[in-house]
Each structure stands twice: as C-alpha cells, then as structure tokens.
2 protein chains.
Amino acid sequence: MAKKVTIYDIAREAGVGIGTVSRVLNNNPSVAPETRNRISEVAKRLSYQPHTYAQRLARQQSETISAVIPFFTSYFFMEVLRGVQEKVSEFGYDLVLYGVEHADQAENYVAKALQRGKVDGILFFSMKMPDRVLSMLKESNLPVGLVDSVSPSFDSISVANAEGAYAATSHLVELGHRKVGMLNARSVSTPATERLQGFRRALEQQGIPYSDSLVKCGKSTRHDGFNRDSGYEAMMDFIAMGSEMPNAFFISSDIQAFGAIAALNEKGFRIPEDIAIVGFDDIELARLMRLTTMRQPMFQMGVLAIERLVSRMSNPDMEILHTTFSPTLIVRESCGAFMSSEGMPSTKSRLR
Amino acid sequence: MAKKVTIYDIAREAGVGIGTVSRVLNNNPSVAPETRNRISEVAKRLSYQPHTYAQRLARQQSETISAVIPFFTSYFFMEVLRGVQEKVSEFGYDLVLYGVEHADQAENYVAKALQRGKVDGILFFSMKMPDRVLSMLKESNLPVGLVDSVSPSFDSISVANAEGAYAATSHLVELGHRKVGMLNARSVSTPATERLQGFRRALEQQGIPYSDSLVKCGKSTRHDGFNRDSGYEAMMDFIAMGSEMPNAFFISSDIQAFGAIAALNEKGFRIPEDIAIVGFDDIELARLMRLTTMRQPMFQMGVLAIERLVSRMSNPDMEILHTTFSPTLIVRESCGAFMSSEGMPSTKSRLR
DNA sequence: ACGTTTTGCGGAAACGCTTCCAACGTTAAA
DNA sequence: TTTAACGTTGGAAGCGTTTCCGCAAAACGT
C-alpha cells in the first residue's frame with residue numbers, strides 16, 4: 001500500500017496544527033493566505049490523499065449515490081445507466097450499483113442503506129415496491145428518486161407507457177391492419193401492464209374488439225419477460241393460431257421483437273410483407289434491424305434522474321417533481337409503412 | 001434519517017461492554033454462548049445496522065472492488081460486467097464503476113484509488129496503461145486484475161485475439177476464398193492489433209500475399225472503432241475498390257459486421273452468395289442475424305476476473321496467473337459454409 | 001489446597017478526519 | 001488608553017468501529 005500520509009504529517013511538516021490543515025484542505029476561508037500556501041504546497045509535495053472513509057465518518061455523509069436496478073444487463077438499463085454514470089461523476093459522487101432480482105431484495109437493501117451515512121441518495125429503477133418499504137423510505141428522509149416507476153411521495157422520471165403503446169398500436173391500425181396482436185412482457189412489471197392498457201385503448205378507440213387471445217407473453221421470465229426468448233415463444237404461440245393469427249403486432253420491447261422476428265423467419269413469414277411489427281425502446285439494434293419502434297430517451301432519463309436527485313439532496317424541501325417523457329414513434333421498415341406508402345417493399349429490408 | 005443505533009446502545013441494553021458486542025457481531029468465538037445470544041437478540045430488536053464507513057476505517061479495508069472500464073455501454077463489456085456483478089455480490093463486496101474515456105483518465109483515477117482503504121481491489125478493462133501507471137500500481141501492492149489486456153506483473157484474463165483472427169480467416173480461406181480482407185478497429189486498441197496479426201499470419205500460412213490495402217478501418221472513433229458506423233464506413237471503402245474488392249471479410253467485431261452488412265445491402269451485395277463474412281465476439285444479436293463469428297466467453301471472463309481478484313486479495317503472494325481463453329468459431333450463415341457444403345443457400349438467411 | 005491455565009469480558013486506544021471552542025495577537029472603535 | 005471585535009490558530013472531542021491489553025473468575029493440574 002502506498003504509505004499513508006495523514007493530515008498530521010502535513011501539520012508537522014508545515015509547522016501548524018491539524019485544524020488548520022483541515023481548513024486548508026476544505027477551502028475554509030479563515031486561514032491566512034500565506035499559511036494556506038505553505039500548507040497546500042506541503043500537501044502536494046507529500047502527495048497527500050484524504051482518506052475517504054474517515055472523511056465520511058467525520059462528516060456524517062457518504063458522497064455516494066446508489067442505484068438499485070433489477071437487471072442492469074438489459075439494453076434499456078444500460079442506456080439509462082450511461083446517463084446516470086455521466087452525471088454522477090460530473091457531480092463528484094461515487095456510484096454504487098445494486099443488482100437485485102425482485103422488489104423484496106430491494107427491501108433488504110433499503111434497510112442497509114438507511115443507516116445514516118451509508119448513501120446520500122438512492123435511485124430505484126423500475127421497481128414496484130410494497131407500501132411498507134415506501135413509507136420506511138419516506139420517514140427515513142433519505143433523498144430518493146424513482147426511474148421508470150411512480151409514487152406520489154418521491155420524485156420520479158418515467159415514460160408514458162400507455163400513451164406510447166397507444167401510439168404504436170394506432171400506427172399499425174392506421175396502416176390498415178385490423179387484426180393486431182400484442183406481445184407483452186410479464187404483468188408483474190408495471191410498464192408491461194401500462195403498455196397493455198394503451199394497446200387496449202387504441203383498439204377500442206378504433207372500434208376493434210379486444211380479446212385476451214390478442215395478447216401473449218412467452219414463458220421466459222428473465223428480465224420480467226423483456227427478453228428475446230419470451231418474444232420468440234410468444235410469437236410461436238401466435239403462429240400456432242393458424243388463420244386466426246393477427247398480421248400486425250405491437251411488441252412491448254425491441255428485444256422481444258427480435259425474438260419474434262426470429263420465430264417469424266423460421267416459419268417463413270416475411271416482414272413487413274406478411275406481418276407488420278412495431279417495438280418499444282429504440283435500442284441501438286433497432287436501428288440496425290430497421291425496426292419501427294417507440295423511442296424512449298433513455299440516456300436523458302438517466303441524466304435527469306441524477307440532476308433531480310442531487311438537487312433534492314441539497315434542498316430536501318423542494319417540492320416533489322414528476323417528469324414523464326413521451327415516447328416518440330420512429331418509423332422504419334418493420335411496420336410496412338414505406339411499403340404501403342410507396343407502393344412497394346423497400347429493397348433494403350434487413351428483416352428476414 | 002433513521003435514528004442511529006450504535007454498539008454502545010446495544011452494550012448498554014444488554015449490560016455488557018462494547019468489545020463484547022463487537023465480538024458477537026463479528027462472530028469472534030471467544031464469547032460465552034449465553035452472552036452471545038442475549039446480545040444478538042438485542043441487536044435484532046434495535047435493528048442495528050453497522051456503520052460501514054466506521055468499520056472500514058477501523059478495519060483499514062473497504063470491502064469494495066472497483067472496475068475501470070473504457071465504455072461500459074458496449075455489448076462486449078455489458079456481457080462481461082454481468083459476470084462481474086454476479087460474483088461481486090456473491091462475495092459480498094461493493095462494486096464501484098468508473099467509466100473512463102482514455103487511459104490517462106484511468107491514471108487519474110488510480111491516484112485516487114491508491115489511498116489506502118479506498119478500494120480493496122481494482123479491475124482494469126481493455127486498458128493499455130503507460131508503464132508509469134503500471135509501476136505505481138505495482139508498488140502500491142493493491143490487488144489488480146486485468147481483463148482483456150495483459151501485463152507481466154498482474155493477473156490477467158484475456159482472449160487469444162491473434163489465434164481467433166487466425167481461425168476466422170483460415171475458415172474463410174478453407175471455404176475457397178482467396179481474396180479476403182479485414183475490417184479492423186483502431187490500432188490504439190490492443191485487441192485490434194492482435195487480431196490484425198492473426199489475420200496476416202493466416203494469410204501468409206495459406207500462401208496468400210498480404211497487402212495493406214486488404215485491411216481498412218472506418219473513421220468513427222467511438223469505442224476505439226468497435227462500432228457500427230466504423231464497419232459501415234470501412235465496407236464502403238472496400239466497395240469503392242470495385243473489382244479489386246475482396247469477396248470475403250474477417251471483421252474484428254460483430255457490431256462492425258452489422259454496419260458492414262448494412263453497407264453491403266445498400267449496394268446490392270448478397271450475403272453470403274456474393275460476400276462472405278465472419279465477425280468476432282458473438283454478441284446476442286449475432287445469433288439472430290445468423291452471423292458466423294468467433295465466440296468469446298464474456299460472461300465467464302467476468303466471473304473469473306472476480307474470482308481471481310478475490311483470491312489475490314486474500315492471498316497477495318499468490319503467483320501471478322494469466323488466463324487466455326481461446327475464442328471458438330461459431331459457424332452460422334454469413335460465411336457461406338452451409339451454402340458451399342450443402343450446395344445451396346439456406347432459405348432462412350436473415351442477412352439481407 | 002494452591003499454583004497455573006483458560007475462558008470471558010471490559011474498555012482504552014486507534015483509525016483519519018471535521019468541527020467546535022478557547023486563546024492569541026491585532027486592529028478598530030470609543 | 002481602554003475595550004471590543006476580529007482574524008487566525010491549535011488542538012480536543014467526536015464520528016462508530018475493531019482490536020489489543022489486562023483482569024477476574026473459572027477450570028485445571030498436582
């Protein structure tokens with residue numbers, strides 16, 4: 001280990017008291033300029049590095065923000081995390097990541113985090129937490145931010161899931177499709193249920209009868225069903241419907257859409273000629289695959305989440321803010337929009 | 001904030017000294033069973049939570065592992081990080097992520113990290129670090145692990161890049177191609193230069209003359225050239241060669257391959273009928289796109305990296321270990337192997 | 001019955017820092 | 001000239017643990 005240099009060493013070397021050294025290090029104004037210089041110089045010469053944990057213990061705060069995330073390995077979270085990471089280091093905080101499988105694990109973590117000084121703020125991602133935990137959090141007075149979920153008592157950043165699903169579905173219907181289905185994720189996920197609502201509403205609004213047989217979810221439970229296999233399985237189920245099968249699908253995430261496309265390809269369906277598809281998220285691969293989808297400003301959500309959290313940390317009485325982003329429809333080729341508008345299929349399709 | 005409960009509270013409540021409380025909390029055997037029970041009970045009743053920073057200060061260690069990563073938003077790193085995350089939490093450590101743009105930023109961070117007690121171990125990902133930093137690290141005695149790069153003085157986990165490139169290129173040649181080119185990433189990246197070596201060696205071994213015009217790299221510098229646009233640009237450059245253009249390509253990452261495929265499609269080339277391609281990495285999408293590629297065991301590398309680091313932390317004098325994974329060739333459709341072996345192109349191709 | 005270990009335990013010291021308080025020398029105000 | 005106020009400074013106290021030292025009581029040996 002690098003030999004420790006403490007403020008005592010500096011104090012001795014500079015012929016002052018430790019209090020003065022500390023004041024210099026913390027830019028406390030009440031130090032004579034001359035003394036300040038001398039101390040700064042000694043500190044640099046000894047290449048002093050403060051002991052973070054000692055500081056945190058003494059200051060009673062952690063300079064740490066932690067993010068509790070269900071599965072930080074999904075494309076969606078990765079993208080949001082990029083924004084988070086960028087801002088966190090800009091503000092000079094540490095980022096501690098906690099990957100959890102379910103909300104109850106989060107609860108477990110909350111208990112640990114609540115000890116004063118462990119973290120200065122927490123961000124929860126896509127977690128529907130039990131009321132008990134929520135109120136624990138609330139009375140703890142710890143700054144908390146919610147991303148991709150909402151609760152009245154905390155700041156939140158979210159996406160208008162229902163609205164997005166509504167737009168996606170409507171787009172399909174406007175393209176002339178009457179038999180449109182949905183591939184959803186698991187209903188334990190709030191975004192999934194919200195997207196289902198949007199889907200239903202769009203159908204009803206367009207005078208198309210809704211039926212439960214119109215929405216399917218694969219059996220793969222990883223990432224709450226937001227995964228490729230789930231999409232593959234659900235689409236296979238649809239294909240098994242035979243002539244009853246819808247010919248247009250709103251799919252609740254791009255990654256599921258890719259699974260669905262694989263299933264479709266395997267069974268000889270062409271996209272968009274035979275089947276139209278619109279996804280959700282607009283992950284990088286969606287552009288590559290020419291997938292029509294609803295874009296969520298993931299990076300930006302991460303950035304905003306930290307900005308909001310930091311301002312709440314410095315001003316706890318700030319009024320609670322809820323920000324909802326509206327996803328925007330990105331029309332590419334998988335929905336067949338170009339085909340119908342231009343009268344012929346695009347020659348550039350990468351979808352089969 | 002949750003009202004603080006300290007070991008003093010427990011001691012008072014249980015009618016013992018703080019030393020005993022601490023011993024119970026740390027499972028130190030020299031406490032009478034009866035006393036131990038009483039204390040545990042009180043601790044639970046008061047829902048005591050140790051103050052992490054105080055512990056770390058007293059114990060002189062941090063229970064934290066940090067990972068320094070160039071761009072933790074690329075598919076390759078995401079996958080590796082999954083493995084890292086899994087193991088880290090299994091061992092009960094905290095994971096602190098540092099995203100950096102270049103090695104010099106890492107240096108900056110190293111200085112901070114070196115202060116005793118800040119972190120117990122560091123993992124560096126894909127970073128070619130200046131010797132000065134390396135020796136700083138070395139003499140600091142901090143446990144260090146290298147992933148995707150190698151240095152004699154530290155444990156490392158890497159992939160046989162040259163070997164992989166060799167295998168990929170050879171596969172192309174064995175399929176009958178004589179004009180084979182390479183799309184590389186930027187030469188600042190060590191994996192990129194190693195893969196180039198493998199490519200050259202394969203050519204030479206097969207009696208095919210190498211020429212610099214056979215390898216190109218796009219202008220996009222993000223992720224050191226391991227990005228989609230770079231692949232697109234490089235392939236466009238190749239296409240501009242006209243009749244001189246190779247008809248088979250080894251591409252140094254899957255993501256670049258997708259860009260290249262886009263370029264090819266745009267210009268009307270068919271894959272694999274006109275152009276054969278093999279990529280590198282085997283990211284999830286490669287399977288979807290039926291891309292022939294060299295698989296790196298990314299998740300496993302992450303797992304191993306942490307296991308190795310943790311064992312070094314507990315046993316600093318352990319002999320230095322270098323593990324090299326050999327990438328394996330995953331034959332799918334983009335190389336045309338099925339076409340040539342089965343005499344006809346696959347009907348399921350998703351590559352155009 | 002008397003040393004001698006062993007076992008269990010209390011609490012001071014240490015970890016490295018921040019912060020508060022007292023004290024000093026100066027300078028301004030009266 | 002006296003007093004009050006100010007600008008600086010030193011260092012003790014405190015943050016919540018762990019750990020070491022030493023002591024008492026209990027267990028052991030003979």
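Not measured: the values here are computed from a predicted model. So you know, we letter chains A, B, ... as the sequences are listed, proteins then strands, and number each from 1.
- Side-chain proximity of B:His51 to the nucleotides D:dG10, D:dG16, C:dC9 is greatest for D:dG16.
- Judged by distance alone, with hydrogens and angles left aside, the side-chain atoms of A:Ser22 form no donor-acceptor pair with the main-chain N or O of A:Ile18 at under 3.5 Å.
- Side-chain proximity of A:Arg23 to D:dG10, C:dG16, C:dT18: nearest is D:dG10.
- In this structure, the nucleotide among C:dC17, C:dC15, D:dT18 sitting nearest to the side chain of A:Ala58 is C:dC17.
- Within the 4.0 Å cut-off from OP1 or OP2 of D:dT18, at least one side-chain nitrogen or oxygen of B:Ser22 is found.
- At C:dT18, none of the side-chain N or O atoms of A:Tyr53 fall inside 4.0 Å of OP1 or OP2 (strictly under the cut-off).
- Using bins of under 30°, 30° to 60° and over 60° for the plane-to-plane angle, the ring pair A:Phe125/A:Phe77 lands in the perpendicular bin.
- Phosphate proximity of C:dC17 to A:Tyr48: present, with a side-chain N or O under 4.0 Å from OP1 or OP2.
- Using a 4.0 Å cut-off, some side-chain N or O of A:Gln55 falls inside it from OP1 or OP2 of C:dT18.
- For the pair A:Ile7 CD1 and D:dA13 P, the computed distance is 16 Å after rounding to whole Å.
- As rounded to whole Å, 12 Å separates atom C1' of D:dC20 from atom CG of B:Asn28.
- Of the two residues near DNA chain C, A:Ala54 and B:Pro29, the one whose nearest nucleotide lies more 5' is B:Pro29.
- Of the candidates C:dG8, D:dT17, C:dT18, the closest approach to any side-chain atom of B:Thr35 belongs to C:dG8.
- With hydrogens and angles ignored, the 3.5 Å screen pairs a side-chain donor or acceptor of B:Arg38 with a backbone N or O of B:Ala14.
- Set against C:dT18, D:dT8, D:dG16, the side chain of A:Ile18 has C:dT18 as its closest nucleotide.
- Of all heavy-atom pairs spanning A:Glu63 and A:Asp120, the tightest one is N-OD2, 2.6 Å.
- Looking at A:Ser158, its side chain never comes within 3.5 Å of a backbone N or O of A:Thr324 through a donor-acceptor pair.
- Listed nucleotides: D:dT17, C:dT18, C:dG10. Nearest to the side chain of B:Thr20: C:dG10.
- Each of A:Gly19 and B:Leu57 was assigned the nucleotide of DNA chain C with the nearest heavy atom; the assignment lying further toward the 5' end belongs to B:Leu57.
- Candidate nucleotides D:dT18, D:dG10, C:dT18 were compared by shortest atom distance to the side chain of B:Arg59, and D:dT18 ranks first.
- With D:dT18, D:dT9, D:dC15 as the choices, the nucleotide that has an atom nearest any side-chain atom of A:Gln60 turns out to be D:dC15.
- Between B:Arg38 atom CZ and C:dC9 atom C1' the separation is 11 Å, expressed in whole Å.
- With D:dT9, C:dT18, D:dT18 as the candidates, the nucleotide lying closest to the side chain of A:Ala32 is D:dT9.
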